Protein chains: 2
Amino acid sequence: MALYVLKFGGTSVGTVERIQAVAERLKRYRDEGHQVVVVVSAMSGETNRLVGLAKAINDQPVNRELDVLLSTGEQVTIALLSMALMAIGVPACSMTGDQVQITTDSKHSKARITDIAQDAVMDVLNSGKVAVVAGFQGRDELGNITTLGRGGSDTTAVAVAAAIKADECRIYTDVDGVYTTDPRVEPNARKMDTITFEEMLELASLGAKVLQIRSVEFAGKYNVPLRVLSSFEEGGEGTLITFEEQDMEAPLVSGIAFNRDEARLSILGVPDQPNMAGSVLSPIGRADIDVDMIIQNSVGDNTADFTFTVPRSDYNRAQEVLNQVAADLGAREVRGDDKIAKISVVGVGMKSHAGVASTMFESLGSEGINIQLISTSEIKISVVVEEKYLELAVRTLHSAFKLDEQG
Amino acid sequence: MALYVLKFGGTSVGTVERIQAVAERLKRYRDEGHQVVVVVSAMSGETNRLVGLAKAINDQPVNRELDVLLSTGEQVTIALLSMALMAIGVPACSMTGDQVQITTDSKHSKARITDIAQDAVMDVLNSGKVAVVAGFQGRDELGNITTLGRGGSDTTAVAVAAAIKADECRIYTDVDGVYTTDPRVEPNARKMDTITFEEMLELASLGAKVLQIRSVEFAGKYNVPLRVLSSFEEGGEGTLITFEEQDMEAPLVSGIAFNRDEARLSILGVPDQPNMAGSVLSPIGRADIDVDMIIQNSVGDNTADFTFTVPRSDYNRAQEVLNQVAADLGAREVRGDDKIAKISVVGVGMKSHAGVASTMFESLGSEGINIQLISTSEIKISVVVEEKYLELAVRTLHSAFKLDEQG
């Protein structure tokens with residue numbers, strides 16, 4: 001008998017029939033003798049419906065009220081799933097974020113969990129019921145309703161699992177696990193049985209999008225075993241995210257992530273001065289634009305070139321800010337390109353092996369793919385290329401690192 | 001400058017445009033310098049949509065989960081109305097029943113308010129904002145979400161008004177006030193400028209349905225001045241429900257209520273025994289059937305006849321129970337009729353005047369309308385007649401008591 005926290009997203013609870021299917025699946029866990037907490041999202045489409053209502057009334061609704069509005073989506077699901085469980089004889093009790101006592105900071109629409117009481121959930125479990133918990137939501141110290149931002153239900157699940165020391169947190173999703181790369185780009189992509197937290201963090205942040213990155217961070221921090229499974233297929237083992245580093249025989253590279261939601265900006269010929277990087281990037285930050293890759297190149301003529309990437313949707317705005325920065329600093333020129341793609345190879349194996357970078361660069365070069373930017377970390381190498389080469393580059397690297405062979 | 005609690009029902013907030021119209025109306029209150037708390041219901045249709053989802057999943061959902069589900073309806077409205085207010089420059093803050101600290105007992109789906117804190121609402125008002133409160137919902141001592149039952153938003157408004165000692169509680173509805181009878185039955189029905197709490201209680205409980213009866217009781221108990229106004233017309237004064245008894249010149253009868261949702265049952269020839277009434281009626285109560293009028297007639301032959309009315313929807317079930325009772329007690333016969341109507345004349349004036357009853361009986365008799373049952377209280381006389389006479393009886397009495405003349 002084990003204690004599980006299971007999470008089902010909006011698609012998995014998107015209709016009455018799917019809610020009933022989730023209830024049946026939970027019943028099987030119970031029949032096997034397990035204790036179960038289930039965390040659910042709003043029914044798919046519901047969040048968009050509510051946002052549509054809000055926008056019709058106020059094109060810039062304040063986040064406090066948006067949180068009050070959107071948190072109803074999960075509240076509907078927990079009530080319906082509890083009813084579905086009771087309809088097949090499984091005792092259940094719904095719990096809002098407030099009732100679970102999920103305390104967050106006050107950053108509405110992107111709050112962070114600061115504390116979760118374990119008693120409330122354990123009381124429900126100890127009374128023999130399934131605890132049906134609303135994902136995505138919490139409450140700040142003042143009693144305001146908060147939400148964790150889109151995808152926050154994953155974080156709720158992991159945080160609850162950490163609080164009650166669950167044996168495993170299982171995220172049911174519309175894929176059956178984590179793949180070496182996106183199968184829509186590389187049909188030979190292979191599902192991994194295990195992956196380390198470090199690798200998962202790099203893959204998730206780079207756009208693999210299987211799991212919300214904050215939930216992975218949370219799981220790593222609190223030692224919560226985390227598994228990704230298919231919501232629609234029975235019997236699969238999914239992918240387990242492990243604490244152990246892979247052994248010496250492990251492949252150098254575990255997976256290939258990519259992202260076409262970025263744009264590149266360069267400011268060239270910035271006169272040398274103290275805190276040059278800050279002078280260039282602080283105005284971007286103040287405009288609330290996230291910067292991803294940052295490369296500084298000082299070429300020795302008392303000026304420097306900076307290149308960085310921003311979300312593609314912020315490209316025009318970032319360009320305006322940067323033009324002003326260039327004027328203020330007396331820089332020579334601003335350039336940009338929003339037709340780029342970022343491709344990253346990720347793997348803890350590369351920590352102890354040289355040669356990953358050269359394999360990467362050579363294989364891309366042999367296909368005539370020009371690399372515009374390079375950025376590296378301990379377990380990741382990212383390059384920026386022209387967007388049109390994205391699919392070719394992913395397939396080339398997948399094959400170069402033999403990811404289609406059984407690991 | 002005054003402190004108002006205003007309540008808008010589901011029809012008044014049924015669309016984005018109507019929510020915006022409510023916001024405009026609230027802005028005018030603010031422009032006149034008033035402090036405003038607004039209590040709102042779920043958008044019309046929303047509660048039925050949610051109940052439909054619940055029934056599709058579980059044809060007998062437990063009330064605890066139904067409350068979790070249905071309370072989302074009001075939560076959506078408070079968020080949207082707050083956004084609408086802010087869109088036109090009026091500071092606002094939404095509050096769930098829990099955030100207002102509306103404490104109730106634990107009778108899910110028909111909870112009663114046991115306490116309301118005044119601080120939470122006053123803090124919002126004192127910060128210069130409109131407090132936008134979710135009607136219909138509260139929280140029990142254990143933290144479970146409760147609802148007050150349909151129409152409960154009126155009760156929320158009155159209870160909040162009592163807690164914060166508001167100058168007036170104004171219930172905006174789809175009629176422009178309380179009428180001497182239903183204008184659909186008697187076109188000469190007249191809107192009353194004032195009515196006493198006692199009269200309003202009798203009218204509401206008898207089916208006038210302008211205000212939820214519990215809200216009127218609450219207002220009477222806590223001395224909250226209560227006014228019914230039209231949500232769709234500007235400028236009307238509606239009907240004020242007053243504490244003062246009307247003066248000596250007041251009309252004997254204020255209004256005529258009626259109800260065709262009842263059925264009549266009689267058990268005849270019940271052998272005399274201690275607690276006869278209890279023996280007959282307790283089984284009906286245990287079957288969860290409400291009894292309205294009760295008449296006992298002991299005819300002197302050591303048996304008694306009982307007649308009572310029940311909701312028409314419970315008629316068949318009540319008849320089954322009564323047949324069993326008759327067998328158990330050795331009664332002679334059970335009779336019933338579900339084609340009846342109850343008509344009541346109501347007025348504090350009749351307390352000090354004889355002759356109301358005889359006027360009532362004579363005018364009905366002169367139209368050939370036979371009276372089946374009579375029941376009286378201090379300020380009300382009710383009769384049961386064949387349903388087909390309902391409209392004729394109402395018009396006859398409206399005219400007999402000169403209700404179409406200006407009061």
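Nothing here was measured: the structure is a model prediction, and the numbers come from that model. No hydrogens, no waters, no symmetry mates; every other heavy atom, side chains included, goes into these values.
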Worksheet entry | Between CG on residue B/Leu80 and CD on residue A/Glu65, distance to nearest 0.5 Å |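 The CG atom of B/Leu80 sits 9.5 Å away from the CD atom of A/Glu65.
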
Is [X] close to chain B through its backbone or its side chain, or both, or neither, when contacts mean heavy atoms under 4.5 Å?
X: A/Leu81; value: neither
X: A/Leu69; value: both
X: A/Thr96; value: side chain

### Message
Would you say CZ of B/Arg112 has more than 12 non-hydrogen atoms from neighbouring residues, nucleotides or ligands within 6.0 angstrom?
### Response
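Count not over threshold, so no.
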
Report which part of [X] has an atom under 4.5 Å of a heavy atom belonging to chain A: side chain, backbone, both, or neither.
X: B/Ile145; result: both
X: B/Leu53; result: both
X: B/Gln75; result: both
X: B/Ile88; result: neither

* State, with a plain yes or no, whether a side-chain heavy atom of B/Asp98 is found less than 4.5 Å away from one of A/Arg139. =>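 In contact.
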
### Query
Got B/Arg64 and A/Ser94 here, is their nearest side-chain heavy-atom distance under 4.5 Å?
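Side chain of B/Arg64 against side chain of A/Ser94, heavy atoms only: contact under 4.5 Å found.
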
Query raised in the report: Which residue out of A/Met86, A/Gln20, A/Met83, A/Gln99 racks up the most heavy-atom pairs below 4.5 Å with chain B?
Result: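 The residue among A/Met86, A/Gln20, A/Met83, A/Gln99 with the greatest pair count is A/Met83.
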
